[in-house]
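Given the structure is predicted, the values throughout are model-derived calculations rather than measurements.
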Amino acid sequence: MAAGASKERLTFGGMARWDGLDLYGPNFMSVAYRRDGEIHVRVEPSRLRPPRSPAVRHLVRLPVVRSLFFWGRLVLQVAGSVWTLVFFAATLGALWLLVSLLEAGQDASGGLLGALLGLLAEFPILPVLALFFAAMRFTPVGRYHGAEHKAVAAYERYGEVTLEKARASSRIHPRCGTNILLYIILAALADPFIGWWGYSVLQFVLISEAWFVLGQSRPSIAVGNFLQRYFTTTEPRREELEVAVESLRQLLRSEEEHAGEEAARVPA
């Protein structure tokens with residue numbers, strides 16, 4: 001897309017992976033990765049198209065309903081990647097094993113160490129966050145996450161995506177899913193004090209509703225930016241940035257061709 005302020009910008013989101021990233025546009029999605037030094041990009045119709053009916057669009061903006069819609073779209077997004085599903089299942093299994101080991105260590109150790117292990121078993125979000133942040137900082141996932149942000153930011157600012165413009169753009173993005181992490185942490189820390197089985201489901205609604213209501217506040221944005229800068233993104237190398245740029249360029253091309261076809265169908 002040629003640069004120009006008169007061009008309406010599309011909204012893109014994405015998800016970083018170990019070997020690449022997925023990008024999502026209004027009508028299409030792209031799956032990109034690098035293998036044997038070559039960049040591979042596959043563009044296909046999106047599974048996350050927004051509702052077309054005005055009544056449905058109004059409905060999904062209502063409290064609670066919007067949360068169900070939000071988590072439903074997230075499930076569809078995750079379900080589209082086999083490796084993401086494997087990672088999610090492995091994470092749940094590792095979490096169960098971690099809590100079991102912490103509880104066993106608490107019983108076997110006693111004293112200060114036992115108390116520390118008991119605290120971590122009671123609040124498993126703490127060791128999970130430590131492992132998650134370490135993975136994001138020291139693996140390619142964090143670099144692809146940063147590359148995703150920089151490519152999208154370049155398009156939003158300049159109307160086109162080049163390696164130079166992406167490199168000059170920020171890896172901190174206001175729509176990053178990291179920004180909801182604050183509310184996930186707060187909900188998880190409250191879990192041991194509530195002790196009600198239904199909270200395990202209700203907390204998802206509480207998390208997303210808090211994000212919808214408070215997510216655009218200055219404190220929430222500041223915390224989200226802090227988490228992105230120091231924990232969930234890292235500065236990408238040229239290799240990761242090239243994958244993100246090529247992925248978004250091909251996705252933009254498909255969106256433009258689709259827009260042209262739609263316009264051609266409208267009678268003069």
Side-chain angles (χ1 to χ4, degrees), residues 8-16 21-29 46-81 84 88 91-92 123-126 128-129 132-133 136 145-146 148-149 151-153 155-157 170-194 196-233:
E8 182 181 355
R9 302 288 193 266
L10 301 175
T11 299
F12 293 97
M15 176 185 295
L21 54 99
D22 302 338
L23 290 175
Y24 303 92
N27 301 286
F28 295 90
M29 63 172 289
S46 175
R47 296 179 296 273
L48 304 176
R49 295 187 183 186
R52 295 180 177 271
S53 167
V56 176
R57 286 200 300 267
H58 174 74
L59 180 65
V60 298
R61 295 191 186 103
L62 298 177
V64 180
V65 177
R66 63 189 175 187
S67 291
L68 299 176
F69 184 72
F70 169 80
W71 292 111
R73 285 172 62 90
L74 184 61
V75 168
L76 287 176
Q77 180 174 316
V78 171
S81 171
T84 302
F88 182 71
T91 300
L92 291 179
F123 297 96
I125 186 67
L126 299 177
V128 167
L129 280 175
F132 172 71
F133 289 152
M136 296 300 288
H145 193 188
E148 170 212 328
H149 285 186
V152 171
Y155 164 72
E156 292 174 343
R157 180 175 182 182
S170 174
R171 62 182 167 89
I172 311 303
H173 199 283
R175 291 200 316 275
C176 178
T178 296
N179 295 351
I180 201 175
L181 187 57
L182 167 65
Y183 306 102
I184 294 175
I185 295 172
L186 293 175
L189 291 176
D191 189 26
F193 299 104
I194 295 176
W196 174 49
W197 67 268
Y199 179 72
S200 60
V201 176
L202 179 63
Q203 67 178 322
F204 288 98
V205 175
L206 296 177
I207 288 167
S208 50
E209 286 302 314
W211 186 49
F212 283 125
V213 174
L214 303 173
Q216 295 304 309
S217 64
R218 292 180 66 180
S220 181
I221 293 173
V223 172
N225 289 349
F226 175 82
L227 291 173
Q228 289 183 60
R229 185 176 303 279
Y230 296 106
F231 295 103
T232 64
T233 70

Taking all heavy atoms of Pro26 and all of Phe12, pick out the closest pair and write down the distance.
-> CD-CE2, 4.4 Å

Determine the minimum heavy-atom distance between Ala16 and Glu148, stating which atoms define it.
-> N-OE1, 4.0 Å

Would you say Tyr183 and Leu206 make side-chain contact, with heavy atoms under 4.5 Å?
-> no

The reported gap from OG1 in Thr178 to NE2 in His145 (rounded to nearest 0.5 angstrom) is 4.5 Å

Answer yes or no: are there more than 12 heavy-atom neighbours, outside Arg157 itself, under 6.0 Å from its atom CZ?
-> no

Is a side-chain donor or acceptor of Ser217 paired with a backbone partner of Leu214 at a separation under 3.5 angstrom?
-> yes

Check whether more than 12 heavy atoms from other residues, nucleotides or ligands sit under 6.0 Å from atom CZ of Arg175, and answer yes or no.
-> yes

From Ser46 OG over to Leu23 CG, what is the distance, rounded to the nearest 0.5 angstrom?
-> 11.0 Å

Find out whether Ile172 and His149 are in side-chain contact, i.e. whether some heavy atom of one side chain is under 4.5 Å from a heavy atom of the other.
-> no

Separation between CZ (Phe70) and CZ (Phe212), nearest 0.5 Å, reads 6.0 Å

Are the side chain of Arg66 and the backbone N or O of Ser208 linked by a donor-acceptor pair below 3.5 Å?
-> no

Looking only at non-hydrogen atoms, find the nearest pair between Tyr199 and Ile194 and report the distance.
-> CE1-CD1, 3.3 Å

Using a 4.5 Å cut-off on heavy atoms from C-beta on, say whether the side chain of Arg9 contacts that of Tyr155.
-> yes

Identify which one of Pro174, Ser170, Cys176 satisfies the side-chain contact (heavy atoms from CB on, under 4.5 Å) criterion when paired with Gln228.
-> Cys176

To the nearest 0.5 Å, how far apart are CG in Leu126 and CD1 in Ile185?
-> 9.0 Å

Ignoring hydrogens and angles, state whether a donor on the side chain of Ser67 or Glu209 is under 3.5 Å from an acceptor on the partner side chain.
-> yes

Interatomic distance, Leu186 atom CG to Asp191 atom CG [nearest 0.5 angstrom] | 13.0 Å

Keeping the roles fixed (side chain from Trp71, backbone from Phe204), state whether a donor-acceptor pair exists under 3.5 Å.
-> yes

Hey, could you give me the OH/CG distance between Tyr230 and Asn225, rounded to the nearest 0.5 Å?
-> 10.5 Å

Are Phe133 and Leu227 close enough, and set up right, to give a side chain to side chain contact (heavy atoms under 4.5 Å, CB included), and what steps lead you there?
-> CA-CA 9 Å; Phe133 289 152; Leu227 291 173; 4.2 Å; yes

